There are 2 protein chains.
Amino acid sequence: MSQDATAGHSPRPAAAAGKEQRVTKQRLAVSAVLDELPDFVSTQELHRILQDRGTSVSLATSYRILQSLADDGLVDALRNADGEAVYRRCAATGHHHHLLCRNCGKAVEVEAPAVEAWAARTAKEHGYTAVEHTVEIYGLCPECTARQAGG
Amino acid sequence: MSQDATAGHSPRPAAAAGKEQRVTKQRLAVSAVLDELPDFVSTQELHRILQDRGTSVSLATSYRILQSLADDGLVDALRNADGEAVYRRCAATGHHHHLLCRNCGKAVEVEAPAVEAWAARTAKEHGYTAVEHTVEIYGLCPECTARQAGG
DNA sequence: TTCACTGCAAATGCTTTGCAGCGCC
DNA sequence: GGCGCTGCAAAGCATTTGCAGTGAA
């Protein structure tokens, strides 16, 4: 269980060490994309988005910037089910979850106040702090359900 | 969107497919180790333990066996903070979720009847069928919380 | 006997790192 | 002008896969 700078929030004093953080266009580009995406993105995905915009940033640099941001607590970092590192801007603006069709991929955004409350309560019961959660619902959307029923 | 046998529980009918499961000494050895370990082990770790015991099993086979066990719902499978797949014998046989410490990896199994109900209701509202869901809560366990607060 | 399982090693894909040049401060 | 940042490509590592031999049923 080696645990270094991988996931999440290490509340660390900002600007404690002597290393300063330079403002480069690559860093701004990454930050801008994160601002616009409400959900977690993998580094690979973010890199692809940057390419689409023309603000191409090297893949290695994308990794470095995201790690650096996570290290400073400016973004949330965790792993998705595939084991990829995923990041999200820390501000919890419009937290929501997804209802996904496992056949056509269609996604519906859903809110889950009950789940939020449950997660918070459960975590507190066990003494856990700095809590965060992921919830995904997989199923067949109406169209795909009909298609499968039909034949 | 590859979400198959990765994290958590996919309630699937046991022994549904035509493939039978043969009882080999490798499979028994892996199963025996899992029985003795109360916590999550990575495949690499389990492989090392097997070597120490003399019941050496190939690394690739270890991967295959663990995946197969997880596929049959006989073990819990998820990812630790390093992105490694980790497995543990399923204490609770029923459907449940996890409360994970993002610092030390400690896991607590929790039940969430409210979440189950919410997921089912939400899916139905949107006309989704054959529903399944994943829920994970990440936070800092009491010990790690104290450690971080202290210094 | 049959065919799933196993072991080996090469392949895959995400992530990290060394090094030289560039640009922010 | 100094030094952190970037890009490139190769390295590193966990995990997967092809293939042929072995053993469970």
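These numbers come from a predicted model, not from an experiment. Keep in mind that the numbers below use all heavy atoms, side chains included, and drop hydrogens, waters and symmetry copies.
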Interatomic distance, [X] [atom1] vs [N] [atom2] [rounded to whole Å]:
X: Ile65(B); N: dA4(C); atom1: CD1; atom2: P; answer: 16 Å
X: Leu69(B); N: dC5(C); atom1: CG; atom2: C1'; answer: 13 Å
X: Glu84(A); N: dT12(C); atom1: CD; atom2: C1'; answer: 13 Å
X: Lys25(A); N: dG7(D); atom1: NZ; atom2: C1'; answer: 12 Å
X: Asp82(B); N: dA14(D); atom1: CG; atom2: C1'; answer: 11 Å
X: Leu59(A); N: dC14(C); atom1: CG; atom2: P; answer: 9 Å
X: His47(A); N: dC14(C); atom1: NE2; atom2: P; answer: 12 Å
X: Arg22(A); N: dG4(D); atom1: CZ; atom2: P; answer: 7 Å

Side-chain donor/acceptor contact of Arg27(B) with base of dC5(C) under 3.5 Å: no
Looking at dG7(D), does its base get a donor-acceptor pair with the side chain of Arg64(A) below 3.5 Å? yes
Taking only the side-chain nitrogens and oxygens of [X], find out if one of them lies under 4.0 Å from OP1 or OP2 of [N].
X: Thr24(A); N: dT6(D); answer: yes
X: Gln26(B); N: dG23(D); answer: no
X: Ser58(B); N: dT6(C); answer: no
X: Thr61(A); N: dC5(D); answer: no
X: Tyr63(A); N: dT16(C); answer: no

I want to check something: taking the side chain as every heavy atom from C-beta on, are Leu34(A) and Leu46(A) in contact at a cut-off of under 4.5 Å? yes
Report for the helix from dT1(C)-dA25(D) to dC25(C)-dG1(D): angle between first-end and last-end helix axes, five pairs each, rounded to 10 degrees. 40°
Return the orientation label for the Trp118(B) and His97(A) ring planes: parallel under 30°, perpendicular over 60°, tilted otherwise. perpendicular
Pick base, sugar-phosphate or nothing for Ser62(A), based on heavy-atom distances below 4.0 Å to the nucleic acid. nothing
Would you mind classifying the nucleic acid contact of Ser68(B) as base, sugar-phosphate or nothing, using non-hydrogen atoms under 4.0 angstrom? nothing
Gap between atom CZ of Phe40(A) and atom CD of Glu45(A) - 0.5 Å precision: 12.5 Å
Output for pair (Leu74(A) CG, Ile65(A) CD1), nearest 0.5 Å, gives 12.5 Å
Yes or no on side-chain hydrogen bond (donor to acceptor under 3.5 Å, both in side chains) for Thr61(A) and Arg27(A), after CA distance, side-chain angles and deciding distance? CA-CA 9 Å; Thr61(A) 299; Arg27(A) 191 167 291 259; over 6 Å; no
Closer to the 5' end of DNA chain D via nearest nucleotide, is it Val57(A) or Val23(B)? Val57(A)
Taking it one step at a time, do Arg79(B) and Glu136(B) satisfy salt bridge (Lys or Arg N to Asp or Glu O under 4.0 Å)? CA-CA 11 Å; Arg79(B) 303 265 177 181; Glu136(B) 305 284 356; over 6 Å; no
Flag the pair Glu109(B) and Arg88(B) as a salt bridge only when some basic side-chain nitrogen lies within less than 4.0 angstrom of an acidic carboxylate oxygen. yes
His47(A) side-chain N/O to Val57(A) backbone N/O, donor-acceptor pair under 3.5 Å: yes
